Amino acid sequence: MKVMFGEYIRELRTNNHLTLTQLAARLELDSANLSKIENGKRDFDERRLEKLADVFNLDIEKLKGNILEINLQKKCLNTIVCLRL
């Protein structure tokens, strides 16, 4: 599983031969924001999960599970980093 949800989105996009601009339009985002999401500089708005699921024909419950798992991994990594400081 990807550590960042943005990496997962980029993988979905590239595997489906969509440009950043094409996917951004389908998600009703501008391409700059989608780029930030894919690069981990901005979080994906979970309210857009249904649109993402529709674009890639994904099961919404599985997608929600993926984002929860990724968010948990992120929290664990942050905790480990903080403990080492």
Side-chain angles (χ1 to χ4, degrees):
M1 182 57 60
K2 302 289 182 194
V3 175
M4 292 184 345
F5 195 67
E7 291 177 13
Y8 178 64
I9 293 172
R10 178 184 289 126
E11 188 175 291
L12 287 170
R13 179 178 62 76
T14 57
N15 288 346
N16 286 276
H17 312 289
L18 291 173
T19 66
L20 195 70
T21 304
Q22 289 169 326
L23 180 56
R26 291 184 185 186
L27 296 176
E28 298 177 5
L29 286 169
D30 62 65
S31 55
N33 280 327
L34 181 56
S35 177
K36 288 176 185 176
I37 291 166
E38 287 188 354
N39 290 303
K41 295 179 181 175
R42 175 169 283 178
D43 289 330
F44 186 77
D45 184 351
E46 293 182 31
R47 292 175 291 179
R48 295 187 193 275
L49 280 177
E50 282 192 46
K51 287 182 185 181
L52 187 67
D54 288 343
V55 168
F56 295 112
N57 197 28
L58 300 171
D59 178 83
I60 187 69
E61 294 306 315
K62 184 176 179 183
L63 192 57
K64 286 179 183 178
N66 286 345
I67 199 168
L68 288 174
E69 183 178 339
I70 289 167
N71 286 341
L72 180 60
Q73 287 176 358
K74 218 160 126 179
K75 285 180 184 177
C76 288
L77 286 174
N78 288 339
T79 301
I80 291 168
V81 169
C82 289
L83 290 174
R84 289 187 178 174
L85 295 176

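Along the sequence shown, the residues carry numbers beginning at 1. Everything numeric here is computed off the predicted structure, so don't read it as measured data.
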CG (L12) and CG (L52) are apart, to the nearest 0.5 Å, by 6.5 Å
So CG of N16 and CD of E11: to nearest 0.5 Å the spacing works out to 10.5 Å
The side-chain hydrogen bond (donor to acceptor under 3.5 Å, both in side chains) partners of E46 (sequence neighbours excluded) come to none
* Asked: Does CG in N57 sit with more than 12 non-hydrogen atoms of other residues, nucleotides or ligands closer than 6.0 Å?
  -> no
Rounding to 0.5 Å, atoms CG (L63) and CZ (F5) come to a distance of 4.5 Å
**Q.** Note, L29 side chain near D45 side chain (heavy atom, < 4.5 Å)
**A.** no
Would you say the side-chain atoms of R42 pair up with the backbone N or O of N33, donor to acceptor, closer than 3.5 Å?
no
Between L34 and A24 the two heavy atoms that sit nearest each other are CD2-N, 3.5 Å
Count the heavy atoms of every other residue, nucleotide or ligand shown that sit under 6.0 Å from NZ of K41, and state whether that count exceeds 12.
no
CD of E69 to NZ of K62, rounded to nearest 0.5 Å, is 11.0 Å
Here the pair of heavy atoms bringing R13 nearest to T19 is CD-O, 3.5 Å
In this structure, CD1 of I37 is separated from CZ of R10 (nearest 0.5 Å) by 11.5 Å
All heavy atoms of R48 vs all of E28, minimum pair found to be NH1-O, 3.2 Å
To the nearest 0.5 Å, atom CG of L49 lies from atom CG of D54 at 11.0 Å
